[in-house]
Amino acid sequence: MILIVDDNESNLFSLKKLLESKDFQVDTANSGEAALVKALKKDYALIILDVQMPDMDGFEVAETLAGYSKTKDIPIIFLSAVNTEKKFITKGYASGGKDYVTKPVDPEILLLKVKTFYNLQEKNIAMKKAHQSLELEVKGRRESQVTMKSQIDHFHLMMESLPQIAFTLNEDGIIDSVNAKWHQYSYSEENFPETHPDDPDIKEEYTRCRQKGKAMELETRIKNIDSNEFRYHLLRMTPVNEEGTIKKWVGTFTDIDDQKKIEKEKDEFLSIASHELKTPLTSIKAYVQLLDRKLKLDAQSAEAGYMHKVQDQIEKLNNLITDLLDVSKIENGKLKINKKPTNLENVIQNAIETILQTHDEDKVRIDRHGIKPDILIPLDEVRIEQVLINFLTNAIKYSPKNNQVIVTTFVDEDEGEVKVNVTDFGIGIPDFKQDAVFNKFYRVEESSLQFQGMGIGLFICSEIIHQHHGTIGVSSILNEGSTFYFTLPLN
Ligand code: ADP
């Protein structure tokens, strides 16, 4: 917008019309004072200033405008009818004016000058704005650099204060930062620590997980540089996702060597104890059977009842010891599976019969649902029956108020597998504990006092099913019941 300042109304009017006819936006002031007030309030690209005005003349106005930062850069064209002498023109320039037009105004000259100044000023303003926004950007960048640095410092502090070996990898799977503890196990920041020859190669395992985009967990022995000792570590590597793509991997090695040693000692003790217990128990079992046959007790007598109870308890003890032996076999990688083409339906029926024989009829009801898999599947009959007996025993044990158990089978030709469900209507398992029931010695705390057990049955089942390349799992609702299932490949 252009401001015209003149005490003569008709001059104001004609100049305004002239400029408006060329599409300029125009404002007017009829005195120097009014011009100052307006110039401080609004933004003008140019001021056309009459030199001769009463009270405050044009030069004074120009000088005052030059004193304010808001107005000091506005170009001014002085208008004067009389003072065309050189000294007045010089005064006009010295006081901040940029050009000088004499009255009577030649419209063409004035318009030419106005256009030139106007365009110049527009460019000036645009440049100023660009400069300001550049300054803002520089400031913003500086601030974000400071924030980034403090975040990096914070990140390094966290890495260093961790009790574990910690490291990160970039999206290409290349190690890009490690903490100081890393150097106790690796000579370089580019390479993973050396693993025990019997343990899986970390890089290979990681490449596999990276392809799937899945977190990895691995127990492995890595070599300490100073002592040359291989120590067990739990390696965890987790992908960090941003907008659906993996941007980073965060990894830790946690030293679990002491824990592993204690676990090994416990496993060895269990193995020795169960072996040592098994031999005398087998003798006891044989002698009790012999005694039972020799005594030929009347089935209704109290003695026969006692004999029965003794045999029951021996059987329970035998099962416990067998389970413990199985656990130590699993630990030593000696649980062998002998697969033969077998009719799964026969295995299911045998398991159900065994359960019915060993439980009171009025306490148990086992229903059979689904398509009976009358096909031959490669499996270890004894071990799969063991899994089914375990599922069924648990279904009865953990359902004190309901005696119904359902065994359902599904054959999925497309997936090439058969699925067996054992459903009960018992106490159920809380959501977040369902995966853990397959862990060694795990028992659900809430029910552990009410029901006897050692927490190893499902661990053994899980190992047996995994050795058959099948899957095992549970779905359960607390106080409503559980369905334990396993799948086996058809081939
Ligand atoms: P145990 O029954 O000897 O404790 P298992 O390994 O067979 O050991 O089972 C582990 C745990 O899983 C049990 O202690 C129990 O808490 C839970 N569990 C297993 N089966 C069931 C079931 N059918 N209903 C509810 N909880 C169950």
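We count ligands from 1, going down the list as the structure has it; atoms in each ligand are counted the same way.
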Quick one: do Thr168 and Asp176 satisfy side chain to side chain donor-acceptor pair (under 3.5 Å)? Show the steps, please. CA-CA 6 Å; Thr168 59; Asp176 60 3; 2.6 Å; yes
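- Within ligand 1, counting atoms from 1 as listed, the ones closer than 4.0 Å to a heavy atom of Ile456 are 6 (O), 8 (O).
- At a 4.0 Å cut-off, at least one heavy atom of Phe484 sits close enough to ligand 1 to count as contact.
- Taking atom 12 (O) of ligand 1 as the reference point, the nearest protein heavy-atom neighbour is Val437 CG1, 3.3 Å.
- When each of Ser475, Ser476, Ser399 is checked for a side chain to side chain donor-acceptor pair (under 3.5 Å) with Ser482, only Ser476 meets the rule.
- At least one N/O-N/O distance between Val444 and ligand 1 falls below 3.5 Å.
- Contact annotation: for Tyr442 versus ligand 1, heavy atoms closer than 4.0 Å belong to the backbone alone.
- For the ring-ring contact (aromatic ring centres under 6.0 Å, His included) with Tyr398, the lone residue among Phe484, Phe425, Phe451 that qualifies is Phe451.
- Proximity to Ser447 (heavy-atom distance under 4.0 Å) selects the following atoms of ligand 1: 16 (O).
- Side-chain atoms of Asn403 and Lys363, non-hydrogen and from C-beta on, never get closer than 4.5 Å to each other.
- Here is the list of ligand 1 atoms found below 4.0 Å of a heavy atom in Leu458: 5 (P), 6 (O), 7 (O), 9 (O), 10 (C), 12 (O), 19 (C).
- Geometrically, ligand 1 and Arg443 share a nitrogen or oxygen pair separated by less than 3.5 Å.
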Mind running ring pair (Phe, Tyr, Trp, His ring centres under 6.0 Å) on His233 and Tyr185 for me, showing each step along the way? CA-CA 11 Å; His233 279 75; Tyr185 284 86; 5.0 Å; yes
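- Here Glu229 pairs with Arg231 in a salt bridge; the nearest charged N to carboxylate O distance falls below 4.0 Å.
- Atom 2 (O) of ligand 1 has its closest protein heavy atom at Tyr398 OH, 2.7 Å.
- Counting heavy atoms closer than 4.0 Å to ligand 1, residue Asn390 contributes side-chain atoms (C-beta onward) but none from N, CA, C or O.
- Under a 4.0 Å heavy-atom criterion, Gly426 is not in contact with ligand 1.
- Between Phe253 and Phe167, the ring centre distance stays below 6.0 Å.
- Aromatic pair Phe459/Phe438: ring centres not closer than 6.0 Å.
- In terms of polar-atom proximity, defined here as any N/O pair under 3.5 Å, Ile427 makes no such contact with ligand 1.
- Under 3.5 Å, the side chains of Asn124 and Asp73 contain no donor-acceptor pair of N or O atoms.
- Of the polar atoms of Met454, at least one N or O is found under 3.5 Å from an N or O of ligand 1, judged by distance alone.
- Only the side chain of Ile429 comes within 4.0 Å of ligand 1, judged by heavy-atom distances.
- Residue contacts with ligand 1 do not include Ser448, since none of its heavy atoms lies under 4.0 Å from the ligand.
- Ligand 1 has Lys397 within reach: a non-hydrogen atom of the residue lies less than 4.0 Å from it.
- Lys433 and Glu446 are joined by a salt bridge, as a carboxylate oxygen and a charged side-chain nitrogen come within less than 4.0 angstrom of each other.
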